[in-house]
Every structure is written in structure tokens, then in C-alpha cells.
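Below: the structure, in C-alpha cells.
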Amino acid sequence: SEEKNNLTEDEKRVYSLLKRRRLSSSEIVKATGFGKTKAVSILNNLVAGGYIETTGKGRGIKYFA
């Protein structure tokens with residue numbers, strides 16, 4: 001969709017991973033090679049923008065699109 005064009009390349013990469021399956025932030029770190037801080041910041045941006053959702057709490061949070 002049109003609004004996906006506003007995402008950075010890194011955000012698009014994370015988003016496309018999450019379209020396929022639910023992942024934790026540490027799984028995103030492994031899949032992308034990004035640092036934990038960068039991965040979490042991207043995830044927070046995607047959640048804030050309404051691109052992805054979360055399930056679970058605390059250390060058990062999983063992200064999905």
C-alpha cells in the first residue's frame with residue numbers, strides 16, 4: 001500500500017519478516033543482524049505507525065504484521 005513507501009529500508013525489512021510470522025525482538029535481531037537497540041527502535045516505530053501489532057507482555061512480547 002501507499003503508506004509503506006514512508007518506511008526506511010530497515011523498517012521494510014523488519015516489516016516483511018513480520019508478515020510471514022510472529023517474532024520476538026531477539027529473533028528480529030538474529031534475522032537482521034541489527035543491534036538490539038536499533039531493532040527495538042524500529043519495532044517501536046512500526047507499532048506507533050500502526051504497521052505491526054504486539055501480543056504478550058514483558059519479555060514474552062511477539063510482533064506481527
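FYI, side chains are in, hydrogens and waters are out, and symmetry mates aren't considered; it's all heavy atoms of this structure.
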Do you know the tightest heavy-atom contact between [X] and [Y]?
X: Ile28; Y: Ala39; answer: CG2-CB, 4.1 Å
X: Leu18; Y: Tyr63; answer: CD2-O, 3.2 Å
X: Tyr15; Y: Tyr51; answer: CE1-O, 3.4 Å
X: Lys19; Y: Ala65; answer: CG-CB, 3.7 Å

Kindly compute the distance separating [atom1] ([X]) from [atom2] ([Y]), expressed to the nearest 0.5 Å.
X: Ile52; Y: Arg22; atom1: CD1; atom2: CZ; result: 12.0 Å
X: Leu7; Y: Leu46; atom1: CG; atom2: CG; result: 6.0 Å
X: Lys62; Y: Leu23; atom1: NZ; atom2: CG; result: 7.0 Å
X: Leu43; Y: Ile61; atom1: CG; atom2: CD1; result: 10.0 Å
X: Asp10; Y: Thr32; atom1: CG; atom2: OG1; result: 8.0 Å

**OP:** Test side chain to side chain donor-acceptor pair (under 3.5 Å) on Ser25 and Lys36 and set out the steps.
**Re:** CA-CA 7 Å; Ser25 57; Lys36 179 85 170 168; 2.9 Å; yes
Subject >> Cation-pi, Phe34 ring and Lys38 (6.0 angstrom, 45 degrees) >> reply: yes
Original post:
Should Phe64 and Leu17 be counted in the same cluster of Ile, Leu, Val, Met, Phe, Trp and Tyr side chains packed under 4.5 Å apart?
Top reply: no
Subject >> Salt bridge flag under 4.0 Å for residues Glu27 and Lys30 >> reply: no
